[in-house]
Amino acid sequence: MSALRQTSLHAAHRAAGARLVPFAGWEMPLQYVGIVAEHVAVRTRAGLFDVSHMGQIRVEGREALEVVQRVITNDASRLSVGRGLYTPMCLPSGGIVDDVTVFRVAEDVYLFVVNAARRERDVAWITEHAAGATATVHDVSDATALLALQGPRAAAILARVADGEVTVLPRFHALDDVRIAGVPAWVSRTGYTGEDGFELAVPWDEAPRVWYALLEAGQPEGLVPAGLGARDTLRLEAGYMLYGNDIDETTTPLEAPLAWTVKFDKGEFVGREALIRQHTEGVTRRLVGFEVVDRAIARAHQGIWAEGVRIGRVTSGTFAPTLQRPIGLGYVPVAYAAVGTRLEIEARGTYVPARVVSLPFYRRPTH
């Protein structure tokens with residue numbers, strides 16, 4: 001088995017007492033003081049995540065937009081410089097290759113931020129579909145570290161170490177050539193927690209300097225380092241999909257609640273014909289959110305039952321610290337997908353009652 005990769009913040013994680021675990025080929029912090037404490041900090045104050053394991057791929061050249069449009073289902077033609085969007089990339093079958101964010105960082109330059117486990121697959125996929133185009137594909141992941149500062153106090157904290165007006169960025173906008181604690185950075189107002197926040201791409205070796213500057217600036221605001229454990233409970237409360245659990249090459253955006261990311265009117269893209277066919281005929285299953293009625297926690301791969309018959313499978317489940325109840329996602333036939341439908345979750349030989357609820361489970365207060 002090959003050795004696990006480490007981010008440039010590995011020593012910082014060890015110094016902070018992180019519990020490090022294997023994840024997508026990397027040794028990453030699962031938690032520092034505890035998943036629930038870190039989750040609560042992000043919801044009420046702020047948390048700082050090392051997400052440098054995620055991939056970053058640039059597509060550059062006169063026909064870069066054509067390449068991007070070919071491989072994503074969303075419409076990048078509406079992006080002005082500095083704006084981004086969330087989108088699946090699909091196979092010809094409509095199955096999801098990956099779910100990514102795409103930013104237009106310059107006139108003919110686009111940046112894909114991709115899942116760690118799909119990085120090599122995504123580079124090969126985009127490169128394959130750039131063949132013959134006046135565009136080049138560059139995997140810049142090894143040169144760039146990525147930090148995520150998330151929570152209601154994130155903007156106040158970032159303002160103390162940033163040299164520009166980065167904290168006035170609208171959601172899904174980005175700024176280049178920002179300096180964070182003197183380090184050049186590309187900053188976007190995005191995140192995966194359901195809270196306000198920012199993602200900061202910095203030179204790989206400069207990440208510790210930015211990490212410690214943010215922790216120091218955020219100390220009065222209650223900022224804490226947060227690990228993958230809290231990242232997972234936060235994203236599930238916010239109703240965000242996790243690639244490999246909730247979506248993969250065997251599921252489509254129309255079966256997951258991602259139909260809003262499929263823009264049939266933009267023209268040809270990989271998977272369009274299959275998705276049009278599925279849209280016309282109707283899907284046979286849907287990914288739904290559910291609440292478990294008692295305190296039992298649903299886990300991925302457990303069966304979902306109704307009327308004595310196994311009808312689906314759990315893809316994600318946890319006890320939601322903010323909501324104080326067990327929640328989960330899973331695929332069920334469309335006949336069982338309506339909000340309020342009674343289900344049962346198979347857990348260690350017993351069946352616990354659950355019911356379908358609306359997504360997201362948690363929505364950030366707007367006041």
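Position 1 is the first residue of the sequence; numbering continues from there.
- Linking ILVMFWY side-chain heavy atoms closer than 4.5 Å, directly or via other members, places V97 and V113 in two distinct hydrophobic clusters.
- If you chain together hydrophobic residues whose side chains sit under 4.5 Å apart, L287 and V292 never meet in one group.
- Side chains of T136 and H138: a donor-acceptor N/O pair is present below 3.5 angstrom, by distance only.
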Throw together a table of side-chain donor-acceptor distances under 3.5 angstrom for residues 205-217, partners on residues two or more places apart or in other chains.
{"residue": "R209", "atom": "NE", "partner": "A181", "partner atom": "O", "Å": "3.3"}
{"residue": "R209", "atom": "NH2", "partner": "A181", "partner atom": "O", "Å": "3.2"}

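- Side-chain contact annotation: T261 with N74, donor-acceptor N/O pair under 3.5 Å absent.
- The pair R272-D265 fails the salt-bridge criterion, with no side-chain N (NZ, NE, NH1 or NH2) lying under 4.0 Å from an Asp/Glu carboxylate O.
- A 4.5 Å side-chain heavy-atom check between S77 and Q69 finds at least one atom pair inside the cut-off.
- E237 and T322 share a donor-acceptor pair across their side chains, judged by distance under 3.5 Å alone.
- Checking R171, R189, R153, Q150 one by one against D196, the side chain to side chain donor-acceptor pair (under 3.5 Å) holds for a single residue, R189.
- Every pair passing side chain to side chain donor-acceptor pair (under 3.5 Å) that includes a residue from residues 332-343 is listed here, sequence neighbours excluded: E307-Y336.
- Looking only at atom types and distance, the side chain of D246 has a donor-acceptor partner in the side chain of T315 under 3.5 Å away.
- Nearest approach of P184 to R179, heavy atoms of both residues: CD-NH1, 3.4 Å.
- Ion pair R45/E195 not flagged as a salt bridge, since none of the NZ, NE, NH1 or NH2 atoms sits closer than 4.0 Å to an Asp/Glu carboxylate oxygen.
- Residue V68 is not grouped with residue L111 when hydrophobic side chains (ILVMFWY) are merged at heavy-atom distances under 4.5 angstrom, including chains of intermediate members.
- Side-chain contact, D99 with Y86: a donor N or O sits under 3.5 Å from an acceptor N or O.
- Of the charged side-chain nitrogens involved, none lies within less than 4.0 Å of a carboxylate oxygen, so that E27 and R5 do not count as a salt-bridged pair.
- At a threshold of 4.0 Å, the pair E249-R118 counts as salt-bridged, since one of the basic side-chain nitrogens sits closer than that to a carboxylate oxygen.
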Practice prompt. Check the pair E255, R285 against salt bridge (charged side-chain N to carboxylate O under 4.0 Å, His left out), reporting the backbone distance first and the verdict last.
Written response: CA-CA 6 Å; E255 295 167 338; R285 61 177 178 172; 3.2 Å; yes

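- Every residue meeting the side chain to side chain contact (heavy atoms under 4.5 Å, CB included) condition with H279, not counting sequence neighbours, appears here in chain and number order: L254, F264.
- When only modelled atom types and interatomic distance are considered, E346 and W305 share a side-chain donor-acceptor pair under 3.5 Å.
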